[in-house]
Amino acid sequence: MPDTLSIATWNINSVRLRIDLVLRFLAEQQPDVLCLQETKCPNDLFPHSAFEKAGYRHRAIAGIKGYNGVAILSKRPIEPIEARNMCDKPDARHISARIGTGAKAVTVHNFYVPAGGDIADPDENPKFAHKLAFVEELKRFSDASRTDDPRAILVGDLNIAPLEHDVWSHKKLLDVVSHTPVETTGLLEVIAAGDWVDAMRVLKPEPEKVYSWWSYRSPDWETRDLGRRLDHVWLGKGLGAGLQSGQIFRETRGWERPSDHVPVLVTLALD
DNA sequence: ATGGTGGTTAGACCA
């Protein structure tokens, strides 16, 4: 086993519609592992053979019809662990797998946190209540993971931009779902509970602006640049010191028929 | 204050 691991996360917004974009990214960057969210693909319709041909012969998937769905694609052997029912719902928002063996093995957890709807009030908006409950569950998960599994990696579309410079305007977005205080505080508490290392923010500390998502609804996304950092790669306590590099593939937002999210790729040493 | 653009799948629902 090589002593580095490169792992990417990407909300693809339909893996079948955008299979060519995923294959292009894999061909160009060759990450060891790619975690997808919003595959929107039932398990029996997952495009296994396309990934097989691309060299991603090891996969763990959890999909349902129409919504959500997560997948872990790997060039190296993996052992699927579980697809958790977060908030007691079988709605395909988590999948995990073990990569490698022995002392260098790591556990990858791929999460898709609920977007939370438009109204930032849990009493008025059940989707926002669901999101807050999901974050609370992530807190308990992280607290347990910190002690049980220091070689864990948590990635995914967490649908929260926790820091001031994770959004184009902190003040203007304070009451916009994804950057409200209850969400940003909650996500920072998840990080604290797990002692997670926020990989991209180690490499690009505040106040640099870092985004991974630009709304479909905003025309001229590139010049206006009204982005948010919703996609994250967190390293467990035993892996944080190995962080080597990270990259956000903003250019994919300009590809034909793009996802509204772009890939985030992190490379780390495993020893 | 509002509406703006996408995907799934067949009328809404979700982002």
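Convention: sequence-line order gives letters A, B, ...; per-chain numbering from 1.
In this entry the distance linking CG of A:Leu17 with P of B:dT5 reads 18 Å, nearest Å. Taking atom CG of A:Asn11 as the reference point, atom P of B:dG6 lies 16 Å away to the nearest angstrom. Taking atom CD1 on A:Ile119 and atom P on B:dT2, their separation rounds to 12 Å, with Å as the unit. The separation between A:Phe128 atom CZ and B:dC14 atom C1' is 17 Å, rounded to whole Å. Rounding to whole angstrom units, CG of residue A:Asp220 and C1' of B:dG3 are separated by 16 Å. A:Asn68 places its CG atom 10 Å from the C1' atom of B:dA15, with the value rounded to the nearest Å. Residue A:Glu256 contributes atom CD, which lies 12 Å from atom P of B:dG6 at whole-angstrom precision. Residue A:Ile12 contributes atom CD1, which lies 11 Å from atom P of B:dT8 at whole-angstrom precision.
At a cut-off of 3.5 Å, with distance as the only test, no side-chain donor of A:Asn159 or A:Ser178 sits close to an acceptor on the other residue.
Position along DNA chain B of the nearest nucleotide to A:Tyr112 versus A:Ser218 favours A:Ser218 as the more 5'-ward residue. For the pair A:Arg217 and A:Arg257, nearest-nucleotide mapping onto DNA chain B gives the more 5' position to A:Arg257.
With both ends at atom P, the span from B:dG6 to B:dA10 equals 22 Å, rounded to whole Å. Taking atom C1' in both B:dA15 and B:dG4, one finds a spacing of 14 Å when rounded to whole Å.
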As a quick check of understanding, evaluate side chain to side chain contact (heavy atoms under 4.5 Å, CB included) for A:Gln37 and A:Asn110, giving each step before the final call.
CA-CA 8 Å; A:Gln37 304 86 34; A:Asn110 178 12; 2.8 Å; yes
Is there a salt bridge (Lys or Arg N to Asp or Glu O under 4.0 Å) between A:Glu222 and A:Arg250? Walk through the geometry before answering.
CA-CA 9 Å; A:Glu222 191 160 25; A:Arg250 183 186 167 104; 5.0 Å; no
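Here A:Arg253 lies out of heavy-atom contact (under 4.0 Å) with every strand.
Criterion: ILVMFWY side-chain heavy atoms under 4.5 Å apart, direct or through other members. Under it, A:Val197 and A:Val266 are part of a common hydrophobic cluster.
Here A:Asp166 pairs with A:Arg201 in a salt bridge; the nearest charged N to carboxylate O distance falls below 4.0 Å.
Listed nucleotides: B:dA15, B:dT8, B:dT5. Nearest to the side chain of A:Glu38: B:dA15. Of the candidate nucleotides B:dA10, B:dA15, B:dT5, B:dA10 has the atom lying nearest to any side-chain atom of A:Lys65. Nearest to the side-chain atoms of A:Ser14 among the listed nucleotides B:dT8, B:dA15, B:dC14 stands B:dT8.
When Watson-Crick and G-U wobble pairs are counted only if both distances are under 3.5 Å, B:dG4 pairs with no nucleotide at all.
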